[in-house]
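Okay, structure first, notes after.
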Amino acid sequence: MSENLIGYLDDQGNIIDTQSAGENCHAAPIAFDNSEKSLEIIRHSTAHLMAQAIKALYPDAQFFVGPVVDEGFYYDFRVNEKIGEEDLKTIEKKMKELIKKKYKIEKYEISKEEALKKFAHDDLKLAVLSRIPDETVSIYKQGEFEDLCRGPHVPALRFLHNFKLTRVAGAYLGGDEHAEMLTRIYGIAFADKESLKAYLKMMEEAKKRDHRKIGTEMELFMFNEESGAGLPFWMPKGAKLRYKLEQILHKAHLTRGYEPVRGPEILKADMWRTSGHYACYGENMYLTEIDGQEYGIKPMNCIGHIQIFKQTQKSYRDLPLRYYEYGVVHRHEKSGVLHGLLRVREFTQDDAHIFCAPEQIASEVLEVVEFVDAVMKLFGFDYTMEISTKPDKAIGDDAVWETATQGLKDALKGNDLPYTIDEGGGAFYGPKIDIKITDAIGRKWQCGTIQVDFNLPERFEVEYVAEDNSRKQPVMIHRAILGSFERFIGILTEHYAGEFPFFIAPIQVIFVPISENHAGYAQALKKKLLAEGIDSEVYDRNDSLNKRIRTAEKQRVPYVVIVGEEEVENHTVAIRNRRTREQYNLTQDEFMVELTKQLQEGKI
RNA sequence: GCCCAUAUGGCUCAGGGGUAGAGCACUUCCUUGGUAAGGAAGAGGUCGUGAGUUCAAGUCUCACUAUGGGCUCCA
């Protein structure tokens with residue numbers, strides 16, 4: 001057996017570890033390196049090593065499951081003591097001690113019946129056993145430590161050196177929030193030290209891009225303990241950025257035949273009863289009472305748009321009718337899930353509802369998908385699409401759901417757009433396509449969404465006059481491109497690390513006059529830019545020139561422009577490149593042309 | 001909501017049972033400078049809130065509030 005061999009890969013892509021393979025295995029060998037399969041084995045064994053260390057330090061510890069996940073591994077366990085970040089180092093130290101004992105990792109099999117006897121005193125292992133259908137189970141053993149495990153594992157502990165325990169967390173047994181909470185420790189492992197170092201460095205870099213950090217630094221947005229959790233404040237710079245995004249998107253909507261509308265912020269509870277929100281979404285809604293009547297603050301904008309549609313009689317000639325609104329909504333998110341701008345309790349959706357005939361669904365959905373793609377391309381986002389099907393809590397009958405779901409699939413399939421399926425992940429009123437974007441550290445967030453809805457039109461008796469003068473019910477397509485300005489700007493901030501493209505940058509130009517004699521020239525230029533809708537600032541405070549240039553450079557603005565004697569005289573500007581620290585001169589006219597050209601790049 | 005952790009001037013953070021510290025930012029003055037920190041002086045905090053332990057609490061304990069890492073990933 002080669003020194004480097006840690007397992008085999010069979011024809012079906014299953015990993016067979018050396019303990020299971022026997023002497024004459026002909027499957028493809030897996031070498032000890034950073035390949036996907038190799039890491040899977042290494043990380044799984046590291047999870048076991050961690051469990052062994054935990055058992056040594058906390059003899060009363062009981063273990064549940066310890067799988068390999070996208071980003072490393074974890075182990076869930078129960079222990080009487082509290083385990084905090086500090087304890088991770090102690091556990092790591094113990095793991096290193098155990099490695100020195102040079103244990104082999106051995107495997108043996110027993111019947112399920114024997115296993116039930118063996119683990120009779122360990123309710124967590126019994127819980128694991130109850131989920132295994134097989135009649136024979138395997139046990140892996142290293143030194144004194146034994147664990148019920150499917151494998152695969154490395155042959156011996158000597159393969160495990162380059163790991164790091166990254167965080168301690170709580171996790172519900174089996175993911176059920178009504179079940180007991182276990183302690184979970186996450187870790188990461190690689191075949192070599194360099195890869196581990198590179199990974200840790202990458203995570204550190206990612207943290208520097210965190211929108212909460214940059215948002216505070218750049219004074220984009222804030223939260224306030226006295227005002228309440230999950231309620232963002234937009235500071236002047238953040239508001240400017242947001243306003244520019246709103247404007248770009250506003251024009252894009254008009255171009256695509258949408259009409260702006262607005263509904264009220266609160267509506268009578270009966271409206272929400274009719275819509276089904278009261279029953280299906282009530283726990284997320286804020287309710288209040290006015291003059292003895294119950295009202296609900298809107299968590300979605302659909303109801304308002306429906307009322308507007310119904311206000312006047314509609315003909316088939318009016319369809320598809322596209323209403324859009326930057327709708328402020330409130331949702332009672334659980335306190336523990338709030339996360340910077342990415343999950344808040346008040347946010348503004350770029351929401352639209354398309355009322356159309358059933359035969360128009362496919363083309364409308366496709367148009368929305370193209371709209372999404374244009375926006376994502378503008379900002380250089382990679383995104384994934386996911387079709388979500390009927391959830392447990394839902395209204396409407398199965399046949400209707402089936403038709404709508406198929407409609408979404410057809411729209412994507414027909415145009416070769418890749419998607420995944422999230423079974424049971426749909427909204428309570430219909431299936432949907434979700435558009436997901438990844439944040440700085442690889443977490444995926446749902447942004448845009450396209451939802452087909454046969455239910456609300458029926459509940460609110462929405463109708464239009466068809467060609468044959470009969471009354472027909474339109475289909476509603478709920479859709480958002482950004483999802484919400486809050487979340488989208490949060491991700492945008494991480495994506496650009498605060499260096500926003502010109503067309504949305506809160507401050508687009510900073511002028512640094514060399515002396516106060518040149519401040520007037522800078523102010524005049526600022527005014528000129530403002531007339532074109534470009535935001536600039538003049539740094540003419542009582543600081544040294546070097547200081548002011550340094551301060552300007554640190555603002556992450558697209559243009560830092562120096563103006564002095566020479567520029568005033570020649571009606572020019574000196575533009576400084578932040579990265580190369582080089583500068584070039586333009587006439588005022590050339591400068592204006594360049595800036596307006598850059599503004600145009602934000603057109604979609 | 002649950003588990004673990006954190007909370008010190010506007011920001012970033014140090015300190016730690018005996019009457020609050022730094023850097024940046026801010027204010028005033030000097031300096032008017034051609035490309036990443038000129039100089040001086042000054043103001044600003046009942047150490048998240050409320051209880052408790054103690055002769056004494058930012059420091060220890062508890063509760064609350066807020067923030068952070070998690071809570072599908074099935075031996």
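Chain naming here is simple, since letters A, B, ... match the order of the sequence lines and numbering starts at 1 in each. No hydrogens, no waters, no symmetry mates; every other heavy atom, side chains included, goes into these values.
- A/Ser536 contributes no side-chain N or O that, together with a main-chain N or O of A/Ile510, makes up a donor-acceptor pair within less than 3.5 Å.
- Residue contacts for A/Thr166: at a heavy-atom cut-off of 4.0 Å it reaches no nucleic acid atom on any strand shown.
- Considering only side-chain N and O atoms, A/Arg212 lies under 4.0 angstrom from the phosphate OP1 or OP2 of B/G69.
- With a 6.0 Å cutoff to the six-membered ring centre and a 45° limit on the axis angle, A/Arg43 does not count as a cation-pi contact of A/Phe73.
- Within 4.0 Å (heavy atoms only), A/Tyr140 reaches no atom of the nucleic acid at all.
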Polar-atom pairs under 3.5 Å, protein N or O versus N or O of nucleotides 26-35 of chain B: list them with distances, or write none.
| from | atom 1 | to | atom 2 | distance (Å) |
| --- | --- | --- | --- | --- |
| B/C26 | OP1 | A/Arg541 | NH1 | 2.7 |
| B/C30 | N4 | A/Asn542 | ND2 | 3.0 |
| B/U31 | N3 | A/Asn542 | OD1 | 2.8 |
| B/U31 | O4 | A/Asn542 | OD1 | 2.5 |
| B/U31 | O4 | A/Asn542 | ND2 | 2.4 |
| B/U32 | O2 | A/Glu516 | N | 3.4 |
| B/U32 | N3 | A/Glu516 | OE1 | 3.0 |
| B/U32 | O4 | A/Glu516 | OE1 | 3.1 |
| B/G33 | N7 | A/Ile514 | O | 2.4 |
| B/G33 | O6 | A/Ile514 | O | 3.4 |
| B/G33 | O6 | A/Glu516 | N | 3.2 |
| B/G33 | N2 | A/Asp543 | O | 3.4 |
| B/G34 | O6 | A/Glu565 | N | 2.9 |
| B/G34 | O6 | A/Glu566 | N | 2.8 |
| B/G34 | N1 | A/Glu567 | OE1 | 2.9 |
| B/G34 | N2 | A/Glu567 | OE2 | 3.0 |
| B/U35 | O2' | A/Arg576 | NH1 | 2.7 |
| B/U35 | O2 | A/Arg576 | NH1 | 2.8 |
| B/U35 | N3 | A/Gln583 | OE1 | 2.4 |
| B/U35 | O4 | A/Gln583 | OE1 | 2.1 |
| B/U35 | O4 | A/Gln583 | NE2 | 2.9 |

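- With C1' as the reference atom, B/G48 and B/U54 are 23 Å apart, rounded to whole Å.
- With the nearest nucleotide of RNA chain B identified for both A/Leu231 and A/Glu85, A/Glu85 has the one nearer the 5' end.
- Taking the ring-ring contact (aromatic ring centres under 6.0 Å, His included) definition, one finds that A/Phe77 meets it with A/Phe63, sequence neighbours left out.
- Between the side chain of A/Thr183 and the main chain of A/Gly170, no donor-acceptor pair closer than 3.5 Å is present.
- Among residues two or more places apart in sequence or in another chain, the side chain to side chain contact (heavy atoms under 4.5 Å, CB included) test is passed with A/Thr166 by A/Lys164, A/Tyr186, A/Ile188.
- Evaluation of the side chain to side chain donor-acceptor pair (under 3.5 Å) rule for A/Gln523 yields no partner, not counting sequence neighbours.
- Using a 4.0 Å heavy-atom distance criterion, A/Lys82 is classed as a sugar-phosphate-only contact.
- Among the atoms of the strands shown, none is found under 4.0 Å from any heavy atom of A/Gly72.
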Using a 3.5 Å cut-off and no angle test, enumerate the donor-acceptor pairs between side-chain atoms of residues 539-552 of chain A and protein atoms at least two apart in sequence or in another chain.
| from | atom 1 | to | atom 2 | distance (Å) |
| --- | --- | --- | --- | --- |
| A/Arg541 | NE | A/Asp543 | OD2 | 2.8 |
| A/Arg541 | NH2 | A/Asp543 | OD2 | 3.4 |
| A/Ser544 | OG | A/Lys547 | N | 3.2 |
| A/Arg548 | NE | A/Asp543 | O | 3.0 |
| A/Arg548 | NH1 | A/Pro513 | O | 2.7 |
| A/Arg548 | NH1 | A/Tyr539 | O | 2.9 |
| A/Arg548 | NH2 | A/Pro513 | O | 3.3 |
| A/Arg548 | NH2 | A/Ile514 | O | 3.2 |
| A/Thr551 | OG1 | A/Lys547 | O | 2.7 |

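- A/Tyr172 meets the side chain to side chain contact (heavy atoms under 4.5 Å, CB included) test with A/Glu177, A/Met181; sequence neighbours excluded.
- Residue contacts for A/Val337: at a heavy-atom cut-off of 4.0 Å it reaches a base atom on one of the strands shown.
- In this structure, A/Lys93 has no salt bridge (Lys or Arg N to Asp or Glu O under 4.0 Å) partners at least two apart in sequence or on a different chain.
- Among the heavy atoms of the strands lying under 4.0 Å from A/Asp134 is at least one base atom, whether or not backbone atoms are also near.
- Checking A/Arg78 against A/Gln62 by side-chain atom types alone, a donor-acceptor pair falls below 3.5 Å.
- When heavy atoms are screened at a 4.0 angstrom cut-off, A/Val168 is found touching base atoms of the nucleic acid.
- Looking at A/Gln583, its side chain never comes within 3.5 Å of a backbone N or O of A/Asn577 through a donor-acceptor pair.
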Anything under 3.5 Å between a protein N or O and an N or O of nucleotides 42-50 of chain B, put it in a table, one pair a line.
none

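- Proximity of residues 172-185 of chain A to RNA chain B (heavy atom under 4.0 angstrom from any strand atom) is restricted to A/Tyr172, A/Gly175, A/Met181, A/Arg184.
- Across all strands, A/Ile139 comes closer than 4.0 Å to no nucleic acid atom at all (heavy-atom distances).
- In RNA chain B, consecutive stretches of 3 or more Watson-Crick or G-U wobble pairs with both distances under 3.5 Å are given as paired ranges: B:1-7 with B:65-71, B:10-13 with B:21-24, B:26-30 with B:38-42, B:48-52 with B:60-64.
- With sequence neighbours excluded, no residue forms a salt bridge (Lys or Arg N to Asp or Glu O under 4.0 Å) with A/Asp422.
- Among the heavy atoms of the strands lying under 4.0 Å from A/Val137 is at least one base atom, whether or not backbone atoms are also near.
- In this structure, a donor-acceptor pair under 3.5 Å is present between the side chains of A/Glu423 and A/Thr389.
- Applying the 4.0 Å criterion to OP1 and OP2 of B/C74, one finds that A/Tyr74 has every side-chain N and O outside that range.
- Here A/Gly336 lies in heavy-atom contact (under 4.0 Å) with a base.
- Taking the C1' atom of each, B/A57 and B/U72 are spaced 45 Å apart, rounded to whole Å.
- Sorted by first then second residue, the salt bridge (Lys or Arg N to Asp or Glu O under 4.0 Å) pairs that include residues 143-157 of chain A, not counting sequence neighbours, are A/Lys118-A/Glu146, A/Lys125-A/Asp147.
- With C1' as the reference atom, B/G45 and B/A7 are 14 Å apart, rounded to whole Å.
- Using a 3.5 Å distance cut-off with no hydrogens or angles, the side chains of A/Gln142 and A/Glu106 do not pair a donor with an acceptor.
- As judged by a 4.0 angstrom heavy-atom cut-off over every strand, A/Phe223 is placed among residues making no nucleic acid contact.
- Across all strands, A/Gly230 comes closer than 4.0 Å only to sugar-phosphate atoms, never to a base (heavy-atom distances).
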